[in-house]
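Just so you know, these numbers use all the heavy atoms, side chains as well, and skip hydrogens, waters and symmetry mates. Remember, it's a predicted structure, so these values are computed and weren't measured experimentally. Remember, it's 1-based here, ligands and their atoms both numbered in the order they're listed.
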Amino acid sequence: MPLNKPHLTLNNSTQFIEGWYWVLPSKELKIGMVKAVTLLGKNLAIYRGFSGQVVAIDAYCPHMGAHLAEGKVDGDGIRCFFHNWKYDAEGICVDIPSLEKPLPVCIKTWHTAEQYGIIWVWVGAQKPHSLPFVPELEQVDCDYILGTRFIKNCHPNVLLINAIDAHHFNTVHNLPLQIVFDSKELNSNAINFSNTTRGGDNSWLIRLIRPLYQKEVTYSMCYWYGSTGTVTLGPDFLHFYIVFALRMIEGGKTEGQTILITPKRHGCLGWGVNRGLLWLTQQVGNYFAKGDTQVFQTIQFDLKTPTKADRSILEFIQHVNRQKALTWQTWENVENLENSETNYPPTSLLP
Ligand code: FES
Ligand SMILES: [Fe+2]
C-alpha cells in the first residue's frame with residue numbers, strides 16, 4: 001500500500017484517528033457470548049455480560065497469554081479457559097482458583113457503546129468523544145436495518161471521499177446536477193458537507209424533481225473520525241439516511257458495514273411504512289455504491305492535480321490530518337505534525 005503523503009493520517013496504513021470504530025452487529029453478540037475480534041491491528045475479546053453490558057478487553061490473559069475469547073462469560077466478567085482466572089468488566093482480576101486471594105493484576109478494557117444496531121469501541125487514550133450519528137437525527141428515535149458488509153481494496157478515507165467528489169456525480173453517476181458543497185465542522189472529529197445548489201440545467205429529470213426541493217440542501221455527508229460517513233439525501237418531505245461505517249484493516253484496506261435508518265413511525269402502519277422505506281433506502285445506497293465499485297479495486301489515491309471541483313476533498317483531507325492520530329496495532333500516540341496542512345495547496349489557489 002503506497003503511503004500518499006508520508007507521516008499524515010490520510011490514506012495511511014500505519015496510523016488512524018483516535019475515535020469510535022464499529023466492531024460487529026449487536027445481534028451477533030447475545031448475552032453470555034464472547035468473540036475474538038481484531039480491530040485496527042489489535043486483538044481483543046468482546047463479550048456480553050449477563051446484565052447485557054458489552055465489554056471489550058485486550059485479548060491475552062496476563063497469566064500465560066491464552067486468548068480470552070476461548071474463555072467463558074461469568075456474570076459481567078470473563079473467566080480464562082486455561083487456568084480459570086476471572087476478570088471483571090473493568091479488567092481487574094477477581095478470582096484465581098488456586099489461590100485464596102487474587103493477585104493484583106489487571107488487563108486493559110475499552111469503552112463500548114451500541115448505536116444503530118452496531119457495537120462500537122472507543123479507540124483512544126482519553127475520555128470518549130461523541131458517537132457517530134446522523135446530524136438530523138441526533139435526538140430522534142429511529143428504526144434501522146443493517147445493509148451490506150464489504151471489503152474494499154482501498155483505504156476508508158479514499159472510499160468516503162467519493163461522497164463529496166462533486167465532479168464524479170456527473171461523470172460516473174450521470175446526474176445532471178452542478179453540486180457545490182458547503183462545509184461545517186460540528187466538532188474537531190466531525191465535518192458536514194451540504195449541497196447548496198439546486199438543479200443545474202433544465203433536463204426533464206431536474207424539471208420533474210425541482211418542485212420537491214423547497215429548501216436548498218438536498219444532499220449532505222457528515223464524516224466522523226474520517227472513518228464513518230452519514231449520508232442524508234432526498235426531497236424535503238422524505239429524507240433517506242445511510243451510514244457507511246468503515247474501519248481500516250491490514251494493508252490499509254477497508255472493512256465496512258452499511259446501516260439504513262429512518263425515524264420511528266408508530267403503530268402497525270408505521271412499522272410497515274418503515275420496512276418499505278428501509279428497503280428503498282437500501283436500493284438508493286446500492287445504486288450509488290455500484291457505479292464506483294471497480295475504481296476502488298485499483299485506485300492508488302494521490303490528489304496531485306486538484307481543481308476547484310476538488311475543494312471539498314481538500315477540506316476533508318485537512319480535517320482528517322488535523323485530528324489526533326494513533327499507531328496501527330499498538331494504539332499509541334503518533335506525534336502530530338505542526339505543518340500537516342502545508343502539504344496541500346490552499347483551497348483559494350485552486351484552478
Ligand atoms: S492463561 Fe489465563 S488463566 Fe492461565
Ligand atoms: Fe460514487
Side-chain angles (χ1 to χ4, degrees), residues 34 36 43-47 55 57-75 77-89 91-109 147-148 150 152-181 193 195 218-223 229-234 240 242-244 246 254 256 258 281-299 301 303 309-310 312-313 316:
V34 57
N43 293 329
L44 303 174
I46 188 156
Y47 67 90
V55 179
I57 190 166
D58 276 358
Y60 301 107
C61 180
H63 175 219
M64 206 186 278
H67 197 304
L68 290 174
E70 305 289 344
K72 266 205 171 65
V73 177
D74 180 350
I78 187 145
R79 212 172 259 288
C80 181
F81 164 82
F82 218 4
H83 314 92
N84 291 163
W85 292 24
K86 182 180 170 180
Y87 303 92
D88 70 9
I92 297 165
C93 181
V94 289
D95 184 38
I96 296 178
S98 58
L99 301 176
E100 255 172 42
K101 261 204 193 150
L103 299 172
V105 284
C106 67
I107 178 166
K108 178 89 182 124
T109 59
T148 42
F150 54 86
K152 294 279 182 191
N153 199 25
C154 68
H155 192 281
N157 296 154
V158 174
L159 204 56
L160 286 178
I161 279 173
N162 195 241
I164 49 163
D165 180 349
H167 197 185
H168 104 289
F169 284 109
N170 310 127
T171 53
V172 175
H173 302 292
N174 299 319
L175 289 183
L177 298 166
Q178 198 211 343
I179 295 177
V180 178
F181 291 109
F193 291 88
N195 176 27
T218 59
Y219 173 85
S220 71
M221 173 65 159
C222 187
Y223 293 104
T230 75
V231 175
T232 300
L233 81 163
F240 296 101
I242 307 168
V243 175
F244 295 90
L246 310 184
T254 299
T258 58
T281 310
Q282 188 156 23
Q283 308 315 306
V284 173
N286 289 349
Y287 171 78
F288 280 101
K290 219 167 96 194
D292 307 300
T293 301
Q294 188 50 40
V295 80
F296 291 121
Q297 294 305 322
T298 53
I299 190 168
F301 183 86
L303 184 51
D310 301 320
S312 304
I313 299 178
F316 173 71

Angle in degrees, rounded to 10°, that NE2 of His168 and OD1 of Asn162 form at the Fe ion (ligand 2): 90°
With respect to atom 2 (Fe) of ligand 1, please indicate if Cys80 possesses an N, O or S atom at a distance under 2.8 Å. yes
With atoms numbered from 1 as shown, which atoms in ligand 1 lie under 4.0 angstrom from a non-hydrogen atom of Cys61? 1 (S), 2 (Fe), 3 (S)
So, do Phe150 and Leu159 sit near enough that their side-chain heavy atoms are less than 4.5 Å apart? yes
Just by distance, do the side chain of His67 and the backbone of Ala69 share a donor-acceptor pair under 3.5 Å? yes
Just give me the atom name: the N, O or S atom of His63 closest to atom 4 (Fe) of ligand 1. ND1
Using only heavy-atom distances, determine whether the side chains of His168 and Asn162 contain a donor-acceptor pair under 3.5 Å. yes
What atoms of ligand 1 come within less than 4.0 Å of a heavy atom belonging to Ala66? 1 (S)
How close do Cys154 and Ile299 get, heavy atom to heavy atom, and via which atoms? CB-CG2, 4.0 Å
Please give the atom name: the N, O or S atom of Asp292 nearest to the Fe ion (ligand 2). OD2
Could you check whether Phe301 and His155 have their ring centres less than 6.0 Å apart? no
Sub-4.0 Å atoms of ligand 1 with respect to non-hydrogen atoms of Phe82: 1 (S), 4 (Fe)
One finds that the ligand 1 atoms under 4.0 Å from a non-hydrogen atom of Met64 are 1 (S)
Taking both backbone and side-chain atoms into account, decide whether His83 has an N/O/S atom under 2.8 Å from atom 2 (Fe) of ligand 1. no
So, Arg79 and Asp74, do they make that salt bridge, N to O below 4.0 Å? yes
Classify the angle between the aromatic ring planes of Tyr223 and Phe316 as parallel (below 30°), tilted (30 to 60°) or perpendicular (above 60°). tilted
